[in-house]
Each structure stands twice: as structure tokens, then as C-alpha cells.
Amino acid sequence: MRQILHALALLCCLHTAHPFCPAQCTCVFHGRTDGAGSRSVLCNDPDMSDIPVNVPVDTVKLRIEKTAIRRVPTEAFYYLVELRYLWITYNSITSVDTGSFYNLKVLHELRLDGNMISVFPWESLKEMAMLRTLDLHNNRLTSIPSEAIPYLVKITYLDLSSNKLATLPSNLMDIWPPFNGEPVTSNASQKVVLGLQDNPWFCDCKISKLIEISKMAVTPVVLMDLFLTCSGPENLAGVLFQGAELDNCVKPSVMTSATKITSSLGSNILLRCDATGYPTPTLYWTRSDGSLVDNTVQESPGDGVRWSIMSMHGILHKQAGNYSCKAKNDAGSAEATISLSVAGSMSTTISPLKTNTGQDLAYGTDTSISTSTTSMVLSRRQTTVAAPPAKPKTTLSNGVQKGSLKPAKIRQGSGGQKFPSDEENKKRYASKSVKDLEIVEETSDSAVLLWTAEGLPKDSPLTVVYSPYGEDGEDDFKRTVETNAGSGKILLEELLPGIRYSVCLVAKGSAIGKDPCIDFYTLLEGGQNPFFIIISGIVCVLVVSLIGLLLYKILALYCKGSEAAQDEEELEKESYVKFETITMKQRTMNSHPTELWARRPTHESERMLLCSRSSIDSQMTYKSDSSRSEYLC
């Protein structure tokens, strides 16, 4: 008896400590003998038109039911930091602000069923990290945007029944097994309950995954009502999901050109993948860390078929790794991975560059490449290794030929250049040299130098010296890279755009003053050589001159025609015979169509958006039995 009296006294004390409760609500404190407890508040006055603002801050469960409230304002429950259950059911709510549930960090259950909500602020769910139950049934929702999907990942009870939903985002089911890649288990704690009945579903590929789940015998996604019914299209109206068969709805399949590729340092490669599926899948490439690759191109030659090519220029060791080609459509997704390895070594030297103020500036890192082949993946299941492609010759005003297979203008090095060498090696290699210098693949900040070592051992030390043209005697602008004669190739990096450079090769023991050198130009920032601009200007002058000549000819013909008309009038005055001009019959709109227009034949080259070739003889790529032929670059 004394324990009962003590409990009643404690309850009275707790009520005295929390005396405030909204006038139109009922507050109940659920205490325990240890002094702890929780409070629940029920507001169900039919005359209530606003969310109460004086709810006790220690409330754990708040129920607002059967009132005249029409709107949930911003931060309506800001001070209820201990709130775990919020039921706002069967009211007249039509509007819910984005910040309505701000600061509800421990909320587990949110129920808004039985209202008139047509648009729900899905982004407001990010404030409720602990939310597991979301009940929106018996409202007026017409769609769920794709932006809502990240906020539904942790929801285990989602009721969207009795709304006006005709479709769902095709990737909504991807957040749950088996579509998220996790194994299907029978563990009850991992079940996800979905209420989707009583909606006008349009059965097409967008909800094909939902239809597939309804047919599964064992699945972690549990439907409240298994008898979901199609409302459209017309041929499936009234058909249960379990018996619906969707036409032209095929998951994507992906095939890559190779699974493993090893390419040399500094080379260029092309990675290709092909996908089939209906609707036609979209393709995108990702790196090992999941980031997207931008330098890609893709084309769809027909319905249900798409291919994509990813290009990589001057690859480095840091670019090695796995590259995934992912295909996705409304029916599902698929991916294939290519593992890229980079072979070759590099040596690094850093030389300071002095500015006009006399301060030292790190100019960058020079990289010497010990391999010289260029690997290009051009066809399915095939890796083609070839030398760098020949560029069209462009003769500049200074006599330098860019991009030709023959060496450009080669000049002898300055006699003032001095490099360490011993007399014994100088006598040994006096008749041996490095020749055939060639610059290929120049850009605005880099260039690739090729050479041929005649008679020198592959491990013979070789020094590459390059600097802006005219600065041969200035050590501040001169840069050197140590390599060996057998590499035959080196990458010159950290160059300045639009500048003429001189580069010389000095073999250890060679005669001073006879070192082969070559001049070249780097491209401008936009990728154009400065001499291209000069050539373009000359072309513009020629075009303007041609236009002026054509105008002169037209005026001359017009004046001549006027004189001929005057001569004809004089002739009519002095002769008995009137001359008439025979003219061609004018075409009319009633003439045969072939008399009005002639159809220009369309060549295959105009219909192809992109053609790929893997060699001089094009190799046909298998697509499907019904698709047209594809060629690889």
C-alpha cells in the first residue's frame, strides 16, 4: 500500500513539473518508478485550425487527428527534439512546407495519411536520419520524382496506396534487393514493406521491376497487397501484375572491346563498349572511384543498340585502373569493366625558371618515356598496337615541317654547348650518332620527340636539351632531361603555348658542335598553331578578292545587257523585220515533279555520324542480326 501511495505522489510531482499543455490537446505523461518517462500529446479538436505551438518539449509522441488544419508550416516542430512518433492523420492538409520537419533528428515514424496532399516535399526527409516509417496513403499524390529516391533508402515501411500514381521512377527499385546487388535473404529484419495498391498503374517498362518483384516467390520487398492491377495500356487494363507480360522490354547487356589492356606510357588508347536492350539504353563510363569520364562519344545506330568510345591521350601511370562501361534503361542496368595497366618508366628532373624579377620559379617536371609504341583498342575482343599515326605535312614560313614522317628542319647545335664526357667514350662513339629527329603530337604545353640511334647501344646515356628558340645561351630558360639512346621517344612537358622551341640530343661521347637539333612550335591554348592563323588570314584575303572579282563580272554582264537592249531598239527602227528572242518554256507547279527538283543522292558517308576504323581495311563489328554494319575507327 505504501508503494502505491509513493507512486501516486511521484506522478503528481511529475505533473507539477510539466504543467503546460495546449488547450485543445490532451497530454499524458508515462512515468516510471526511477523518475524517467515519456510524454504523449493528442490533439483531436475538430475546431483546431493551426498546428499547436506550445506542445511540451519532452513530448515523444504527437498525434494531431481529425482537425481542420490545412497546412503544416516551416519549423512547426522545431523544439520537439525528443519526438519519435508524429501522426498528422485524417485532417484537411493540402500543403506541407519544405522545412516543416526541421530539427526532428530522432523521429522514427511519420504518418500523414488521410489528407489531401498532392505534392510532398521529399527533400525534407533528409532532416530525419532515423526515419523508418513513412505513411502517405489516402492522399492525392500523382508522381514521385527521381530526386526523392536518395531519401527513401533507409525507409523500411512505405505506404503510397490509395493515391493517383500511374508510374514510378525506373530506378526506385534499385535501392532494394535484388536490384541493388545485395543477395536475397529470408531475414525478416531486412524486409521492406511497400503499400502500392489502389493506384491507376500504367504497366510499361518504367514499372517492369515492380512487376518482376510481384512475381518473385522469395523477395525482401513485401507488398501489402499482392493483387496489384494494371489500368493501362488498353491491352493490359485489368490484368494483374503477376500475369502481365510486357512487350519490347529488355534489360541491357554490355560487351567491351577487351577485359584487360596493357599500354605503354604516353600512348593513346580508345576503349569501346556496345550495349543492347529496349528501350535503347544509355551508356556512361566511370573510373575506379566512381567518378564519371567526360572524354567519351556514343551513337545509337538503331533502336535497342548503342555503342560508346572513351579516348585517352598520353596516358600516365596514375590513369591505370578499372574503367566501367554502364548501360541503363527502364528495364534495368548492366555494366562491364576494362582493367587498364600502364607499362614504362619515367625519370624526373626539375630545373628552376627565373622570372624577370630574378625570382626562381619551378618550371615543372620532365618525363622521359622508355617505350615508344602507341596502343589503340579499336575493335571488339582485339587490341591493336601501332606506331603513332602520320600527320599531314604543314610547311611553315620558317621551313619547319610539322607532323610529317620525315624529320623536320634539323640544324647543328651551338658550338658553345658543353656537356660532361670522357675522352675514351668520345673516341669510341665518334662515328656513331643520333639522327632522324621528329616532333609528333605537339599540344599547347607538351610535345613528343622521336629519334633513331644509329650504332649506339640502347643503354648509352643521352641528354635532351630544349629551350625557347633564341635562348640557347640563356641557362635560365634551358632544360635538360637524361635518358638513354634506346628509348627512341621522350615527352616534353610544361611548355608554353604558341612558342617556338629548339631541342637537341647529345649522346655521351659525341663530337661537340654536331649534335642534332630540331625546331618546333607549340599550339595555342585553343589548340591552334600561330601559323594556322596566318594561313587562315591569307585564305580570307583570297576569298574576299574572289568575291570582288565575281561582283565585277556581274556588273560587266549587266552593263553589256543594257547596251544590247539599246542596240536592239535601234535595229527595230531601221529594219522591216522584228527579231524575237526564243525563250525556254517556263516551268509551272503543274509540271512533273522531276522537272522542278532533282534529288541529290545521299552517300553512305553522310549518313554515318561516326565511323571507326581499326586498320586500312575496315573491320566489321558484330551488332545483331537485324542491325546494319558498324565500322571501327
Side-chain angles (χ1 to χ4, degrees), residues 257-272 285 287-289 291 293-296 309-323 337-351 362-378 382-391 403 405 434 436-453 456-466 479-495 501 503 505 507 518 520 522-523 614:
S257 55
T259 56
K260 293 183 179 180
I261 297 174
T262 300
S263 185
S264 58
L265 185 68
S267 61
N268 303 333
I269 63 172
L270 298 177
L271 307 180
R272 171 166 178 157
W285 293 82
R287 300 180 179 87
S288 302
D289 58 359
S291 60
V293 180
D294 296 330
N295 50 328
T296 62
I309 291 178
M310 181 183 70
S311 61
M312 302 177 67
H313 302 282
I315 60 173
L316 304 175
H317 283 293
K318 64 181 181 180
Q319 294 177 286
N322 293 332
Y323 292 85
T337 302
I338 299 178
S339 178
L340 174 62
S341 301
V342 180
S345 61
M346 62 173 63
S347 61
T348 303
T349 60
I350 300 178
S351 58
Y363 195 77
T365 302
D366 298 335
T367 305
S368 66
I369 304 172
S370 61
T371 55
S372 60
T373 56
T374 300
S375 174
M376 302 182 68
V377 181
L378 298 174
Q382 178 181 0
T383 303
T384 302
V385 180
K391 291 188 176 181
L405 290 178
V434 177
D436 294 336
L437 272 68
E438 178 185 0
I439 290 291
V440 298
E441 300 180 8
E442 57 270 59
T443 65
S444 61
D445 59 356
S446 65
V448 177
L449 175 65
L450 303 179
W451 68 84
T452 302
L456 291 174
K458 293 184 178 180
D459 57 350
S460 299
L462 191 66
T463 302
V464 181
V465 183
Y466 62 98
R479 305 181 65 195
T480 62
V481 179
E482 301 295 332
T483 181
N484 55 70
S487 63
K489 182 178 181 180
I490 193 169
L491 178 64
L492 309 178
E493 291 186 309
E494 303 296 336
L495 305 179
Y501 278 85
V503 57
L505 291 183
I518 188 173
F520 67 95
T522 56
L523 303 181
S614 59

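No hydrogens, no waters, no symmetry mates; every other heavy atom, side chains included, goes into these values. Everything quoted here is computed from the prediction, not taken from an experiment.
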From CA spacing to verdict: side chain to side chain contact (heavy atoms under 4.5 Å, CB included), Y466, L449: CA-CA 11 Å; Y466 62 98; L449 175 65; over 6 Å; no
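- Rounded to the nearest 0.5 Å, atoms CG (L495) and OH (Y501) are 5.0 Å apart.
- The two residues H313 and N268 make their nearest non-hydrogen contact at CA-OD1, 3.1 Å.
- Summarising the geometry of I269 relative to S263, their closest heavy-atom pair is CG2-OG, 3.4 Å, with the distance given to 0.1 Å.
- Every residue meeting the side chain to side chain contact (heavy atoms under 4.5 Å, CB included) condition with A320, not counting sequence neighbours, appears here in chain and number order: V342.
- For T296, the side chain to side chain contact (heavy atoms under 4.5 Å, CB included) partners are W285, V293, S308, M310, not counting sequence neighbours.
- A donor-acceptor pair under 3.5 Å links the side-chain atoms of S288 to the main chain of N322, judged by distance alone.
- V448 and L491 make their closest contact through CG2-CD1, 3.7 Å (heavy atoms, listed as atom of the first residue, atom of the second, distance).
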F520/L492 under side chain to side chain contact (heavy atoms under 4.5 Å, CB included): CA gap, chis, key distance, verdict: CA-CA 12 Å; F520 67 95; L492 309 178; 4.1 Å; yes
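- Nearest heavy atom pair, residue I338 against residue S257, reads CD1-OG, 4.3 Å.
- Here D445 pairs with T443 under the side chain to side chain contact (heavy atoms under 4.5 Å, CB included) rule; sequence neighbours left out.
- Partners of N295 by side-chain hydrogen bond (donor to acceptor under 3.5 Å, both in side chains), not counting sequence neighbours: none found.
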Side chain to side chain contact (heavy atoms under 4.5 Å, CB included) between W451 and L462, worked out: CA-CA 11 Å; W451 68 84; L462 191 66; 3.6 Å; yes
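- In this structure, H317 contributes its side chain and L265 its backbone to no donor-acceptor pair below 3.5 Å.
- When every heavy atom of A343 is checked against every heavy atom of T262, the shortest pair comes out as CB-CG2, 4.1 Å.
- Listed by chain and residue number, nothing satisfies the side chain to side chain contact (heavy atoms under 4.5 Å, CB included) test with D294 (two or more places apart in sequence, or in another chain).
- Across all their heavy atoms, T463 and E482 have their closest contact at OG1-OE1, 3.1 Å.
- Considering L505, V464, V503 as possible partners of I490, the one that fulfils the side-chain contact (heavy atoms from CB on, under 4.5 Å) test is V464.
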